[in-house]
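Read through the structure below, which is laid out as structure tokens, and then see the notes.
Throughout, residue positions are numbered sequentially from 1 according to the sequence presented.
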Amino acid sequence: MSALLDQFGRTIEYLRISVTDRCNFRCRYCMPVEGLPWLPKSDILSYEEIREVVTQLAPMGLRRIRITGGEPTIRPQIETLVRFIRGVPEVEDIALSTNGVKLPQLASVLADAGLDRVNISADSLQPDRIVAIARRDLGFEPVTAAKAAQAAGLGPIKLNVVVMRGVNDDEVVDFARLTLDHPWHVRFIELMPVGSLEPMTDEMVVPSEEVLSRIQDALGTLSPGGGPARGNGPAEYYQLGGAAGSIGVITPMTHTYCGSCNRVRLTADGRLRTCLFGDHEVDLRAPLRAGEPLAPFVRQALAEKPEAHALLSHRVGGLRALSQVGG
Ligand code: SAM
């Protein structure tokens, strides 16, 4: 069995699979309120085709999968895909990124199908503000969603908060407080210059140092560590004294971590993207539908995986939405 290595010697064992470019939210930092030009259904990989990609990549070293989108839970019978991937013996970890709206009804169905864990995106704990950011009133309650996931055994549970100055930065302490009583990992993400950010500006990015110092001022010392045992990402973790969970920061705007990047992405229409930012991608759908082996195309993509992205040179609002590329 060979490892999937890129041209800089990074081992690639983590694939993020976007199953749809559509979403039931219209988060103001991600998607315009009228939506985007959606991919035609015939362009989108079927669950059988995604299973085939995973089956071919697994013997090459793929071990961990994240199902994402768009919003993956709005694609019908998403549990079927979870079951398919669970059937690939080399895959050790299957996670799902979701806005959490459907978790109360779906958490146990997904767990039964073989899902290991979820990340829930939650930018506010205040009902009115959730609607103002997501621009859809779907009754989303982050704490209810996280409890449903926990009850179904989909842990370690991570709550991802995109911090925006003047929008929700006054809630970082409220989010941090959740970790005192719940074994959840609340991660604060710096706003990135992707997608549809009007009328957002660079000043809305809140550096993670500022987030951490606000939490310390309000709730006491944060000690390094306490993060989840299972995870693939670039978060740095801290813990409040006696807390059940932890606080993480993800800092794409103030630090880069490309040197330890272990991931590639499969877009909903079957392109293998080796960097979230920029246009490094190779089409797998055509060879897949032609019945050709995928390995040469995967190796070509990895040979072209950039050493580092150019995100920090972009201004807010410049790049494609994460919902389009499988954030
Ligand atoms: N719908 C799923 C969800 O809500 O987790 C998966 C896709 S969503 C695009 C993935 C994550 O990207 C969410 O946590 C979202 O908040 C984040 N995201 C989208 N646009 C962003 C931006 N401009 N800056 C930082 N994070 C962003």
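One finds the CG atom of Leu81 at 9.5 Å from the CD atom of Glu48 (value rounded to the nearest 0.5 Å). In this structure, the separation between CG on Asp93 and CD1 on Ile85 is 11.0 Å, given to the nearest 0.5 Å. The distance from atom CG of Leu45 to atom CD1 of Ile17, rounded to the nearest 0.5 Å, is 9.5 Å. Rounded to the nearest 0.5 angstrom, Leu159 CG and Ile247 CD1 are separated by 11.5 Å. Taking CZ of Arg136 as the start and CD1 of Ile130 as the end, the distance is 15.5 Å to the nearest 0.5 Å. Annotation: the span from Phe25 atom CZ to Ser121 atom OG amounts to 9.0 Å, rounded to 0.5 Å.
Salt bridge absent: Arg86 and Asp112 never bring a charged side-chain N and a carboxylate O closer than 4.0 Å. Salt-bridge check for Glu79 with Arg83: failed, with every basic side-chain N at 4.0 Å or more from each acidic carboxylate O.
Listed here is the closest heavy atom pair of Glu304 and Val282: OE1-CG2, 4.4 Å. Annotation for Gly227 and His185: closest pair C-CE1, 3.8 Å, computed over non-hydrogen atoms. The two atoms that bring Arg289 and Ser42 nearest to each other are NH1-O, 2.9 Å, heavy atoms only. When every heavy atom of Cys23 is checked against every heavy atom of Asn99, the shortest pair comes out as SG-ND2, 4.0 Å. Across every non-hydrogen atom of Arg75 and Ser46, the tightest pair is NH2-CA, 3.6 Å. Considering all non-hydrogen atoms of both residues, Gly100 and Ala145 come closest at O-CB, 3.6 Å.
The main-chain N or O of Lys158 is never found under 3.5 Å from a side-chain atom of Arg117 such that the two would form a donor-acceptor pair. For Arg285 (side chain) and Gly270 (main-chain N/O), no donor-acceptor pair under 3.5 Å exists by modelled atom type. Side chain of Arg26 to backbone of Val33: a donor-acceptor contact under 3.5 angstrom is found. Using a distance-only test at 3.5 Å, with no hydrogens or angles considered, a donor-acceptor pair links the side chain of Asp116 to the main chain of Ile94. Between the side chain of Glu13 and the backbone N or O of Asn262, no donor-acceptor pair lies under 3.5 Å.
Annotation: side chain of Leu284 is not in contact with side chain of Glu49 (no heavy-atom distance under 4.5 Å). At a threshold of 4.5 Å between non-hydrogen side-chain atoms, the residues Phe84 and Glu52 do not count as touching. In this structure, Arg16 and Arg273 have side chains that are not in contact, with every pair of non-hydrogen atoms separated by 4.5 Å or more. Counting heavy atoms from C-beta on, the side chains of Leu96 and Thr73 come closer than 4.5 Å. Between Arg214 and Asp169 the shortest side-chain heavy-atom distance falls below 4.5 Å. Looking at heavy atoms from C-beta onward, Phe297 lies out of side-chain contact with Leu272 at the 4.5 angstrom threshold. Residues Gln216 and Thr221 form a side-chain contact, since some pair of their non-hydrogen atoms from C-beta on lies under 4.5 Å apart. Counting heavy atoms from C-beta outward, Leu222 and Leu240 have side chains that approach closer than 4.5 Å.
Side-chain contacts under 4.5 Å among hydrophobic residues (ILVMFWY), followed directly or transitively, place Leu39 together with Ile44.
Under a hydrophobic-cluster definition in which Ile, Leu, Val, Met, Phe, Trp and Tyr are linked whenever side-chain heavy atoms come within less than 4.5 Å, directly or via other members, Leu106 and Tyr47 are assigned to the same cluster. The hydrophobic clustering, which links ILVMFWY residues whose side-chain heavy atoms are closer than 4.5 Å, places Leu110 and Ile74 apart. Using a 4.5 Å cut-off between side-chain heavy atoms of Ile, Leu, Val, Met, Phe, Trp and Tyr, with links allowed through other members, Phe8 and Val298 fall into different hydrophobic clusters. A single hydrophobic cluster is not seen to contain both Val131 and Ile133; linkage of ILVMFWY side chains at heavy-atom distances under 4.5 Å, directly or through other members, places them apart.
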Run the side chain to side chain contact (heavy atoms under 4.5 Å, CB included) test on Ile12 and Leu302 for me, step by step, so that the C-alpha distance in whole Å, both residues' side-chain angles and the decisive distance to 0.1 Å come before the verdict. CA-CA 9 Å; Ile12 309 300; Leu302 290 183; 3.8 Å; yes

Is there a side chain to side chain donor-acceptor pair (under 3.5 Å) between Tyr237 and Gln239 once you walk through the steps? CA-CA 7 Å; Tyr237 289 97; Gln239 206 167 25; over 6 Å; no

When you look at Asp123 and Tyr29, which way does the side chain to side chain contact (heavy atoms under 4.5 Å, CB included) test go after all the steps? CA-CA 11 Å; Asp123 299 327; Tyr29 53 79; 2.4 Å; yes

Test side chain to side chain contact (heavy atoms under 4.5 Å, CB included) on Phe188 and Ile215; report intermediate values, then the result. CA-CA 11 Å; Phe188 297 101; Ile215 294 168; 3.6 Å; yes

Val249 vs Tyr238, test: side chain to side chain contact (heavy atoms under 4.5 Å, CB included). Steps then yes/no. CA-CA 9 Å; Val249 289; Tyr238 301 85; 4.2 Å; yes

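Test Ile120, Asn119, Val118 against Leu154 for side-chain contact (heavy atoms from CB on, under 4.5 Å) and you get one pass: Val118.
Under 3.5 Å, the side chains of Ser97 and Arg66 contain a donor-acceptor pair of N or O atoms. A donor atom on one side chain and an acceptor atom on the other are found under 3.5 Å apart for Thr98 and Glu71. Glu141 and Thr144 are linked by a side-chain donor-acceptor pair at a separation below 3.5 angstrom, with hydrogens and angles left out of the test.
Among residue pairs with one or both ends in residues 171-181, those qualifying as side-chain hydrogen bond (donor to acceptor under 3.5 Å, both in side chains) are Ser124-Glu171, Arg129-Glu171, Asp174-Arg177; sequence neighbours excluded. Among pairs with a residue in residues 51-74, none fulfils ring-ring contact (aromatic ring centres under 6.0 Å, His included), at least two apart in sequence or across chains.
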